[in-house]
Amino acid sequence: MTEIPKAYEPQSVESKWYEFWVEQGCFTADPARVSATRPAYSIVIPPPNVTGVLTLGHVLNNTIQDILARKARMEGKEVLWLPGTDHAGIATQNVVEKTLRKEGVIKHRDDLGREALVARIWDWKEKYGGIILRQLRALGASCDWSRTRFTMDADYSRCVQGVFVDLYRKGLIYRGKRMVNWCPASLTALSDEEVVMKEQKGFMYHFRVEVVEHPGTYLTIATTRPETIPADTAVAVNPKDPRYQHLVGRHVLRALPADAPREARMIPIIADDHVDFEFGTGVLKVTPAHDKADFDIGLRHKLPVIDVLTPDGKLTAEAGAELAGLDRFAGRKKAAELLEAAGALVKAEPYVNNVGFSERADVPVEPRLSEQWFLRYPSVEASRQCVAGGTMRFFPDRWAKVYDHWMTGIQDWCISRQLWWGHRIPVWYRGAEIHCGLDEPSGEGWAQDPDVLDTWFSSWLWPFATMGWTGNPGTDGGNATLRAFYPTTDLVTGPDIIFFWVARMIMAGFEYMGGLPFQNVYFTGIIRDKQGRKMSKSLGNSPDPLDLIAKYGADALRFGVMRAAPLGQDVLFDEQAVELGRNFCNKLWNACRFRQLHAGATEQEIRPGLLTSDDRWILSRLDVAIREVNEAFAGYRFSDATATLYRFFWSEYCDWYIEASKPVLGVPGEPPSDPSRAALRDNKLAVIDFVLAHVLRLFHPFLPFITEELWHGMGFQHDLPGDRGGRTILFAVWPKALDDAEREHFGLTAAAEAEAQARFDLVTLGRNLRAQFSIASNKRVRFVLRSPVALPPEEHEILRGLLNAEPLEQVPPPWQPPQGTPVASNVVGDLYLPLEGLVDVAAERTRLDKDLARIRAEVAKVQDKLGNPAFAQKVPATVLAEHQQRLVDWQTKERQVIEALANLPA
RNA sequence: GCGAGGUUAGCUCAGCGGUAGAGCACUUGCUUCACACGCAAGGGGUCGCAGGUUCGAACCCUGCACCUCGCACCA
């Protein structure tokens, strides 16, 4: 580091090192290097949508993965972080179709036809599909890009279809005509997981129908969907409902369409337990074609099914002339009007109910009877058990309950989608014949099923399909990647896809690989804005991570997000957090710059005999920090790790240690001529280098760019083997806490640490005195320290420097200051601030009185406890001793303040 | 309706049985030879409410209130 700018400038640094890492192949995983001493560590990325652009959610998620991957590399593991993208069927097809419509190329997808549209989507994917992966590079993601996968890669597709064929042959995949969730916007079936319930404001319409067999008798029916009345094929009541028992078996005249022939409108009154007689009027209209529960009732009572809705949610001719062609919502209004006009409408009350929405298209789904492919989930029990039994661990573990609950009540999965973009179902039909296989059967007249598979039916194979799995035991047995890196170590993902993806991957892992696909799952929180709202495009509260990177640097963004993201909590994002990260990087930069200004050889051996108390203190604090960081990592508590590192580096190293070292280091460029002082100085530089070299390594997973820059700038890579930090900090050895021998070697004891701490505390007290008497912090003033033990010269210098005292006199106890001299005391001694003629005695008395009151309150508190006979009897000895010590300490302080008060002039 | 998580300083959160903490924000003073993206000092909390257990409760138990989020769902 020759010329060091005053402030850290991330832009050039980041691109430079990223290119370097990639050129050097630092991120490339090699299964051949895996051995007993070099274990494998692997993560597969949750593949972002190929249409996607980087969001803060991706930043959170991928920063965590990068931290894990980088730390594992430093621990000497062979790391594979496997990247890729997901073809995201509906989303991608929508995006491309919309673009083509906007460009006027098509009005509808049928204008192009299946093959041409799919070709267009591929073109689009080639052109824009890599955007998000390029953006991840800007974030510093250390993925093995040579292994980038896409869920529609040819060999990946082969896996997906192979699995379909296998499950079909096992009888787990079947085709059936069922009620499914139909999305009228995307024109496809959806799985239950793709439907979200939303509260909707609407009306509860009460209308009446006449009982055919009892003219003049009417039944009142409550419904939220009058437009489906033309599809009603019965009216149901509870068999135990005394109000209606006598009418069961009779008929009513369906209210709509009113112009239909009388016999066509006759529908039976049936009795079914499903009907809740306390709800509404206790009379239920039964619409088997448009309601899941009604469909079941229809089956029980062999009711006909009348479908009055088109796939895109419009009413058909069967709904009657007035309703035909109307959209379902317009139809609802119109139907209500028709009822009113006919005098059948009793009332329409505002009503809030829950309606299923298509998660992606955000329109209400229609329950619809259609022929679809379903999967009876495989390996359910093993998958459930591995989490319940703790073999696979979830962080935070409360998600294990959510998972278990879902696995327990699991329903068959509707896997077919009426789309063109995706993996086509490997089934062919010829008349009544059906063929399921990887390839088209020979012979004439076969037609392939037009549907594609749910995107998640391909992503559930991601952990092993990305590693080249084929399903052929011979081939897979020789697959070095699979053998070395599967099962993967950690999975990092959002809890919103626990069912969509995580649960299904576990089942696929058991079914096809015979075990867990990953050992640990870390669930991130959801990124929200600072008001706690979800990030969304329409709210405009979702900052572009790339803008933030350009403004503050990738390290700053990573640090800011990680600091704000406690385990299992949602993250309230505020740009201030990134600013904080930027400030932190700058602090790190300048601390290294400070070291650099003092020149001197780097990384000399530390000579324990020359260590001062503050040297021992910082080494001890470093040791504590390393322990805390490693503990935090063990529990995946990344925000704790960043908080520890922040505290250690800023509050302990910079604020105290560096400040304390200044008197010893002297003026930059002017090394002390006195040999003993020079030796002390060199030793302090050695301590500084020791600490910084550790700090940079500890920070590297969080702040990859700046730490690499400084690692080289400081010359810490010198003398290290190329693969252990010599070439890049990426492979530098992850810091270990000091062992007992090292602690002894440096003389790190609790007493030594407490001693230095007490001196620092006295400094704070002294600075407080200065502030009390309005002495600017940059003004040098005389202090007198009265202490029974004289400090060695270098310690004296440190204390003087920290107090900004000139001079700092040291006197033994008999010494008495002039009456009224302000004083602050602790175990080190009494620190006087002699202010000739400046003291406002009244103010000083007030200050001391206040202090005394506080201290006496503490004394009383401890005395109360100790005075309680039960306390002394029941409390553990250590706690008792600690309380007794506390009492002594407070009483000492009390005496010191009383003495100071006595010393004030009357 | 069932379940989970939360409620601690103005804000965001840590602490989860033994003297209430951090960062930001705030007040005051400082262009002190690494850093104003900074330094120093300081103010600020009956730890949601009510009971209980305990020598001792922010922390454990019970109930309640409010906020999030899942799951289920009655037309």
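Lettering follows sequence order; numbering is per chain, from 1.
Using cut-offs of 30° and 60° for the angle between ring planes, the A:F203 and A:Y205 rings count as tilted. Between A:F394 and A:Y403, the angle of the ring planes goes over 60°, which puts this pair in the perpendicular group of the 30/60° scheme. The aromatic rings of A:F638 and A:Y636 sit perpendicular, their planes meeting at an angle over 60°, well past the 30° parallel limit.
Contact annotation: A:Y351 reaches the phosphate of B:A75 (side-chain N/O to OP1 or OP2, under 4.0 Å). Between B:U19 and A:R886, a contact under 4.0 Å exists linking OP1 or OP2 to a side-chain N or O. An OP1 or OP2 oxygen of B:C13 is reached within less than 4.0 angstrom by no side-chain nitrogen or oxygen of A:S639. Phosphate contact (OP1/OP2 of B:C37, side-chain N/O of A:R582, threshold under 4.0 Å): absent. Side-chain N/O atoms of A:K285 include none lying less than 4.0 angstrom from OP1 or OP2 on B:A75. Remark: A:K401 is not in phosphate contact with B:G3, judged by side-chain N or O atoms under 4.0 Å from OP1 or OP2. Residue A:N778 places at least one side-chain N or O under 4.0 Å from the OP1 or OP2 atom of B:U31. For A:N583, a side-chain nitrogen or oxygen approaches OP1 or OP2 of B:G38 to under 4.0 Å. Note on A:N768: every side-chain N or O is 4.0 Å or more away from OP1 and OP2 of B:A40. In this model, the phosphate group of B:A40 is not approached by any side-chain N or O of A:W656 to a distance below 4.0 Å at OP1 or OP2. For the OP1/OP2 pair of B:C35 and a distance below 4.0 Å, the side-chain nitrogens and oxygens of A:K662 include no atom meeting the criterion.
A:L645 places its CG atom 15 Å from the P atom of B:G23, with the value rounded to the nearest Å. Separating the CZ atom of A:R780 from the P atom of B:A40 is a distance of 16 Å, rounded to the nearest angstrom. Residue A:D574 contributes atom CG, which lies 17 Å from atom P of B:G23 at whole-angstrom precision. When the C1' atom of B:A75 is taken as reference, atom CG of A:N354 falls 13 Å away, rounded to whole Å. Taking atom CZ on A:F594 and atom P on B:C39, their separation rounds to 14 Å, with Å as the unit. As rounded to whole Å, 6 Å separates atom C1' of B:A40 from atom CZ of A:R767. Between the P atom of B:C37 and the NZ atom of A:K587 lies a distance of 12 Å, rounded to the nearest Å. Here the P atom of nucleotide B:A72 and the CD atom of A:E193 are 8 Å apart, to the nearest Å.
Between the P atoms of B:U31 and B:C49, the separation comes to 46 Å (whole Å). Atom C1' of B:C2 sits at a distance of 27 Å from the matching atom of B:G51, rounded to the whole Å. Nucleotides B:C47 and B:A36, compared at atom P, are 41 Å apart to the nearest Å. Comparing the C1' positions of B:A14 and B:G70 gives an interatomic distance of 26 Å, to the nearest angstrom. Atom name C1', nucleotides B:A9 and B:G48: the rounded distance is 15 Å, in whole Å. Atom name P, nucleotides B:A22 and B:G15: the rounded distance is 15 Å, in whole Å. When the C1' atom is used for both B:G3 and B:C13, the distance is 25 Å, rounded to whole Å. Comparing the C1' positions of B:U28 and B:G43 gives a spacing of 10 Å, expressed to the nearest Å.
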List every contact pair, protein side and nucleotides 67-70 of chain B side both N or O, where the distance is under 3.5 Å.
none

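In this structure, A:F559 has its ring center under 6.0 Å from that of A:F584. Between A:H883 and A:F871, a ring centre-to-centre spacing shorter than 6.0 Å is recorded.
Residue A:I775 is out of contact with every strand shown, counting any heavy-atom pair closer than 4.0 Å. Looking at heavy-atom distances under 4.0 Å, A:R563 makes contact with sugar-phosphate atoms alone, never a base. Using a 4.0 Å heavy-atom cutoff across all strands shown, A:D291 reaches no nucleic acid atom at all. Looking at heavy-atom distances under 4.0 Å, A:C585 makes no contact with the nucleic acid at all. Residue A:V862 is out of contact with every strand shown, counting any heavy-atom pair closer than 4.0 Å. Within 4.0 Å (heavy atoms only), A:P396 reaches no atom of the nucleic acid at all. Counting any heavy atom pair closer than 4.0 Å across all strands shown, A:Y646 reaches sugar-phosphate atoms only and no base atom. Residue A:T764 is classed as a sugar-phosphate contact, given heavy-atom separations below 4.0 Å to backbone atoms only. Nucleic acid contact for A:L284: base, since at least one base atom lies under 4.0 Å from a heavy atom of the residue.
Nearest heavy atoms, A:G581 versus A:A556: C-CB, 3.6 Å.
With hydrogens and angles left out, the side-chain atoms of A:D273 and A:N238 include no donor and acceptor closer than 3.5 Å. In the model, A:Q757 has a side-chain atom that pairs as donor or acceptor with a side-chain atom of A:D761 under 3.5 Å. For the residue pair A:E575 and A:Y552, a side-chain donor N or O sits within less than 3.5 Å of a side-chain acceptor on the partner.
Checked by distance alone, A:E659 brings no side-chain donor or acceptor within 3.5 Å of a matching partner on the base of B:A40.
Taking every side-chain heavy atom of A:W890 into account, B:U19 is the closest of B:A75, B:C33, B:U19. Among the nucleotides B:C35, B:G23, B:C30, the one closest to the side chain of A:N590 is B:C35. Across B:C74, B:C39, B:C24, the shortest atom-to-atom separation from the side chain of A:W650 is found for B:C39. Each of B:G5, B:C13, B:A75 was ranked by its minimum atom distance to the side chain of A:R398; first place goes to B:G5.
Using Watson-Crick or G-U wobble geometry with both donor-acceptor distances under 3.5 Å, B:G38 finds its partner in B:C30. The partner of B:A4 is B:U68, judged by Watson-Crick or G-U wobble contacts that both fall below 3.5 Å. Remark: B:U46 base-pairs with no nucleotide; criterion is Watson-Crick or G-U wobble with both hydrogen-bond distances under 3.5 Å. Nucleotide B:C24: paired with B:G10 (Watson-Crick or G-U wobble, both distances less than 3.5 Å). Under the Watson-Crick or G-U wobble criterion, with both distances below 3.5 Å, B:U53 is left unpaired in every strand shown. Base pairing analysis places B:G17 opposite nothing; no Watson-Crick or G-U wobble pair with both distances below 3.5 Å involves it.
Heavy-atom nearest nucleotides on RNA chain B were determined for A:D655 and for A:E858, and the one closer to the 5' end corresponds to A:E858. Nucleotides of RNA chain B nearest to A:M197 and A:D640 differ in position, and the one nearer the 5' end is that of A:D640.
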Decide salt bridge (charged side-chain N to carboxylate O under 4.0 Å, His left out) for A:R621 and A:E652; before the verdict, give the C-alpha distance in whole Å, the side-chain angles of both, and the deciding distance to 0.1 Å. CA-CA 8 Å; A:R621 299 309 301 162; A:E652 295 171 357; 3.1 Å; yes
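A heavy-atom distance below 4.5 Å is not found between the side chains of A:I270 and A:V235.
Each of A:E659, A:R780, A:R767 was compared with A:N804 under the side chain to side chain donor-acceptor pair (under 3.5 Å) criterion, and only A:R780 meets it.
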